[in-house]
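These notes concern the structure reproduced below.
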Amino acid sequence: MAPRVLMVAEKPSIALSIASELSNGRMSTRRGSTDVHEFDGLFQGYHAHFRVTSVIGHVFSVDFPSKYQNWEATDPVDLFHAPIVKLESNPKVHICRHLSQEARGCTYLVLWLDCDREGENICHEVIQCTGFSENETGDRILRARFSSVTEKDILVAMENLVKPNKDEALAVDARQEIDLKVGVAFTRFQTRYFQGKYGNLDSRVISYGPCQTPTLGFCVQRSMQIMTFKPEIFWSFSPSVMKDGYDLHLEWDRNKVFDHDVAAMFQKLVLDHNYVEVTGMSKKEETKGRPCGLNTVNLLKVASSALGLGPHTSMQLAERLYTQGFISYPRTESTAYPASFDFKSVLVAQQANPFWGNHVRILLAQGFHKPRIGSDAGDHPPITPMRAATEEMLGNDTWRLYQYICQHFIGTVSPDCKYTRTKVEFIAGGELFHCVGQHVSTKGFTSIMPWMAVDEKNLPEFTKGEKIKILKVDLQEGRTAPPDYLSESELISLMEKHGIGTDASISVHINNICERNYVQVNSGRRLVPTALGTTLIRGYQCIDVDLCLPDIRSFIEHQITLIAKGKVKHVHVVQHVLQQFKQKFSYFIKKIENMDALFEAQFSTLAESGRLLSKCGKCTRYMKFISTQPARLYCISCEEVYHLPQNGSIKLYKELTCPLDGFELVLFSMSGSDGKSFPLCPYCYNCPPFEGIDTLFGAMKLGNSAKLGKGAGMPCFLCPHPTCRHSVITQGVCACPECSGTLVLDPVSSPKWRLYCNTCNCMVSLPQGAHRISTTGKKCPDCDSSIIEVDFNKKTTPLPDGATLYSGCILCDELLHSLIEMKHGKSFFRRGRGRGRGRGRGGRGRTRGGSKHEDPKMSFRDF
DNA sequence: GCAAGGTC
């Protein structure tokens, strides 16, 4: 039998292209976690059967084991030495299982992952999943190196298969571990420290990261420049002359001076002279070059500055354009096209467009240019329109982005813009002046990208030595102005320059600092730091400025490059870098009061924030409800914080108290029209009094046990108290038909009475418009559900003779069963006794010079 | 509730 060859690409679209090229389109495709394309062909000169499939980016991502997931129980400093685990990035898609199945019976594995470090790392993830042995690399495991998905590159790569590069893969492993440990340790520490003290921070988490923090640093740096800016007064003047009907204001070669008397003296010299004399004229042919191909960073910059679309939105829109086939792959660093690129067919696809079709047809008829040489990062070709589209097909914002991509592409193959620049120079009273004219001879690409056009400025003819009368020389006073807040587009440039983030992640980091409430996007998409953002950066600056400088990223990159080049072992680099960061972390903790002093000046303490809401069961005083994220209760006299469920509203619940601890109950209503409402006791929610409750509201679903973290806890609907009228025992009606939970009466759902499941999102609407619906404490003899009592509305009662009171089982009683309706899920059927379905409820790190007294602030620079 | 990197 011919040997089988499994080939794996980084994304489904590449697998399709590779299979199509190698099979000449004669392949069969079947579905799986990702599509699998099969065909017969030649492999290393022999007949072989090919299977081509793909992953979807990284198969795994790193995290801490569950033991370290509890914020309260883990000391962040321990994270530096904690083990890490690799978990499937997208467990639902079962990529690992898919690869393992497809690898069965295959003799060869050919890796077609993108040709960068991340791709090399994914190669090794794939090897791991397929079950091929690592020491078969170069033998049965081969790597295809290609810089574009073109016929030529694919065939050349196939003829020149190499070994996967383990060192590059290990470099990425190192980065993952360092980023995780450093980011999570700092984030947990500062979140707990500041959220435990201040009530109006308005951020659910106060995060730190080697990309997001320097990104914020750029924004704060600019705003500090603005705040400390001292305006200066300056003076200038511009003689007015009239020539052949042109009213000209000549520019002073000195531009401006900062001393009034000096300016006035110059002005007088010029005024006294009465005329200006032409001292010279020059004419120069200038060229404004057509653009290179469009890469992600440049697209994001234009989208932000010219289209008013944020990077995050732009990437989402671009992603949609890509998946629908309107543009090529939108995440690329390259601005150069491969030599074989077919520009003509791209143009042909655009020639019917009502806006730019004409320009395209002229290019096709008269010959188009190749784009200016850009840089080839070896990833994907520049972002290029693929299919023609109309505004109706895409919708407004997507259309505007597509429109730009088209205009840019057509610009790249259009002629350069050519113009003549004329400069005329003058003298008066010893002072020099000039004026400039521009005349466009070839509009070129600027006719399709009009915002790049060169202004036409006509000047009259002058002759050397000519003297022209000065009409007016007014002294003008001006003021230097501070720079504006950093624009998104400027921020993207800074990030690119300092190597912060990648084409795929730059927008994520910017989005992060917005979502964490560190910056706000103001008009003109300028980023204004909030008090929180500014205070954080100022804090890092006074404790350890390295923490927020951009070189923290380049430091890490530099270190892991040593691994990628095979110069230092992975384990040594990781240990060394983590050791340094651990020192920085310890120093940060030690000096946190310096940062705290800044917080104190800016924010109010928990005691000063919030409004009085409900009584504490311990001291019987009112506790404060702090509504800013994360919403919580704070007892001033006990100095205790009680976490609450998030993303909803909290109010006092009828001044009822919990029979267990005397805390007043509060009512939480989830946001959204179908949002559940439920009561909870603040104390029980945070410290569930009964053992064996492993389903907590809002808890992470990890293994079988729920974790009691912030925002997770036991509301009354999970409470097994036998007699309290809010517990699941008294309010529960029947087993949930969709999961192992219980359907509970929503106590405040009147008049749209309903039951909701205390575990999943299943909901059941009860007879509508009833005055009252309550549980009775009696059980249905047939199905063990709770008998409910309904007090129907007099006008709408379904009962004979206008009777209103009725009780029964919603499953067994015909009348009640006919009045209920399942909201989420397929069917609501009667089930037997028991709830048996589904899951049960249930160092040898190298330190430089061996010195223990290194100042951790300085440990990066001189490495 | 945490990082940054792939991709959707």
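Computation of the quantities below employed the complete heavy-atom set of this structure, encompassing side-chain atoms and omitting hydrogens, waters and symmetry-equivalent molecules. Proteins come first, then strands; the chains are lettered A, B, ... in the order of their sequence lines, and each starts at number 1.
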Next on the checklist: Please classify the nucleic acid contact of A:Asp114 as base, sugar-phosphate, or nothing, using heavy-atom distances under 4.0 Å.
Outcome noted: sugar-phosphate
Next on the checklist: When you measure from the side-chain N and O atoms of A:Ser505 to the phosphate of B:dG5, is any distance below 4.0 Å, counting only OP1 and OP2?
Outcome noted: yes
Next on the checklist: For B:dA3 and A:Arg553 - does any side-chain N or O of the residue sit under 4.0 Å from the phosphate oxygens OP1/OP2?
Outcome noted: no
Checklist entry - Among the nucleotides B:dC2, B:dC8, B:dA3, which one has an atom lying closest to any side-chain atom of A:Tyr322? => result B:dC8
Item to check | Full working for ring pair (Phe, Tyr, Trp, His ring centres under 6.0 Å) between A:Phe585 and A:Phe581 | outcome: CA-CA 6 Å; A:Phe585 182 72; A:Phe581 271 106; over 10 Å; no
Checklist entry - At under 4.0 Å between heavy atoms, what does A:Val62 touch on the DNA or RNA strands: base, sugar-phosphate, or nothing? => result base
Next on the checklist: Test of understanding: with side-chain contact (heavy atoms from CB on, under 4.5 Å), list the residues that count as partners of A:Thr534, not counting sequence neighbours.
Outcome noted: A:Val220, A:Pro529, A:Arg538
Checklist entry - Contacts to DNA chain B from residues 165-177 of chain A, heavy-atom cutoff under 4.0 Å, which residues? => result A:Arg175, A:Gln176
Item to check | Listed nucleotide nearest any side-chain atom of A:Thr187, set B:dG6, B:dC2, B:dC8 | outcome: B:dC2
Item to check | A:Arg516-A:Ser207 side chain donor-acceptor pair, cut-off 3.5 Å | outcome: yes
Next on the checklist: Strictly below 4.0 Å, N to O, side chains only: are A:Arg97 and A:Glu88 in salt-bridge contact?
Outcome noted: no
Item to check | Proximal nucleotide (of B:dG1, B:dG6, B:dC8) relative to the A:Val205 side chain | outcome: B:dG1
Checklist entry - Just by modelled atom types, is the A:Tyr208 backbone N or O under 3.5 Å from a matching donor or acceptor in the A:Thr187 side chain? => result yes
Checklist entry - Are any of A:Tyr68's side-chain N or O atoms less than 4.0 Å away from OP1 or OP2 of B:dC2? => result no
Next on the checklist: At less than 4.0 Å, is any side-chain N or O atom of A:Ser89 found next to OP1 or OP2 of B:dT7? Yes or no.
Outcome noted: no
Item to check | Nearest-angstrom distance from the residue atom CG of A:Asp35 to P of B:dC8 | outcome: 12 Å
Checklist entry - With a non-hydrogen cut-off below 4.0 angstrom, is A:Gly119 in contact with a base, only sugar-phosphate, or nothing? => result nothing
Item to check | Phosphate OP1/OP2 of B:dC2: any A:Arg516 side-chain N/O under 4.0 Å | outcome: yes
Next on the checklist: Tell me the interatomic distance from A:Leu216, atom CG, to B:dA4, atom P, rounded to whole angstroms.
Outcome noted: 12 Å
Checklist entry - How close or far is atom C1' of B:dG6 from atom CZ of A:Phe60, stated in whole angstroms? => result 14 Å
Checklist entry - Going by an N to O cut-off under 4.0 Å, is there a salt bridge joining A:Arg331 and A:Asp114? => result no
Checklist entry - Do the numbers put A:Lys11 on top of the ring of A:Tyr329, so that NZ or CZ is under 6.0 Å from the six-membered ring centre and no more than 45° off the axis? => result yes
Next on the checklist: Among B:dC8, B:dG1, B:dA3, which nucleotide has an atom closest to any side-chain atom of A:Pro12?
Outcome noted: B:dC8
Checklist entry - Taking 4.0 angstrom as the limit, do A:Glu72 and A:Arg192 come out as a salt bridge? => result yes
Item to check | Phosphate OP1/OP2 of B:dG1: any A:Gln646 side-chain N/O under 4.0 Å | outcome: no
Checklist entry - Looking at the side chain of A:Ser61, which of B:dA4, B:dC8, B:dC2 is the nearest nucleotide? => result B:dA4
Item to check | Sidechain N-carboxylate O distance under 4.0 Å for A:Asp179, A:Arg553 | outcome: yes
Next on the checklist: Rounded to whole Å, how long is the line connecting atom CZ of A:Phe194 with atom C1' of B:dC2?
Outcome noted: 16 Å
Checklist entry - Taking OP1 and OP2 of B:dT7, is either one under 4.0 Å from a side-chain nitrogen or oxygen of A:Arg331? => result yes
Next on the checklist: Pick the closest DNA chain B nucleotide for A:Glu118 and for A:Ile56 by heavy atoms, then say which residue is nearer the 5' end.
Outcome noted: A:Glu118
Next on the checklist: Please classify the nucleic acid contact of A:Tyr208 as base, sugar-phosphate, or nothing, using heavy-atom distances under 4.0 Å.
Outcome noted: sugar-phosphate
Checklist outcome for this item: So, with a heavy-atom separation below 4.0 Å from DNA chain B, the residues of residues 78-86 of chain A are none
Next on the checklist: Nearest 0.5 angstrom please: A:Leu170 CG to A:His124 NE2, how far?
Outcome noted: 7.0 Å
Checklist entry - Within this structure, what is the CZ-to-P distance between A:Arg192 and B:dG1, rounded to whole angstrom? => result 15 Å
Checklist entry - Base, sugar-phosphate alone, or nothing: which one does A:Pro210 contact when heavy atoms must sit under 4.0 Å apart? => result sugar-phosphate
Next on the checklist: At less than 4.0 Å, is any side-chain N or O atom of A:His509 found next to OP1 or OP2 of B:dG5? Yes or no.
Outcome noted: yes
Item to check | Distance-minimising heavy-atom pair for A:Leu201 and A:Phe194 | outcome: CD1-O, 3.6 Å
Checklist entry - In whole Å, what is the span from the CD1 atom of A:Ile122 to the P atom of B:dG5? => result 13 Å
Next on the checklist: Can you measure A:Asn121 atom CG to B:dG6 atom C1' for me and round it to whole angstrom units?
Outcome noted: 9 Å
Item to check | Distance in angstrom units between A:Glu515 CD and B:dA4 P, rounded | outcome: 13 Å
Checklist entry - In terms of side-chain geometry, is the basic nitrogen of A:Glu120 or A:Lys166 positioned less than 4.0 Å from the acidic oxygen of its partner? => result no
Checklist entry - Within the structure shown, what part of the strands sits under 4.0 Å from A:Phe189 by heavy-atom distance: base, sugar-phosphate, or nothing? => result nothing
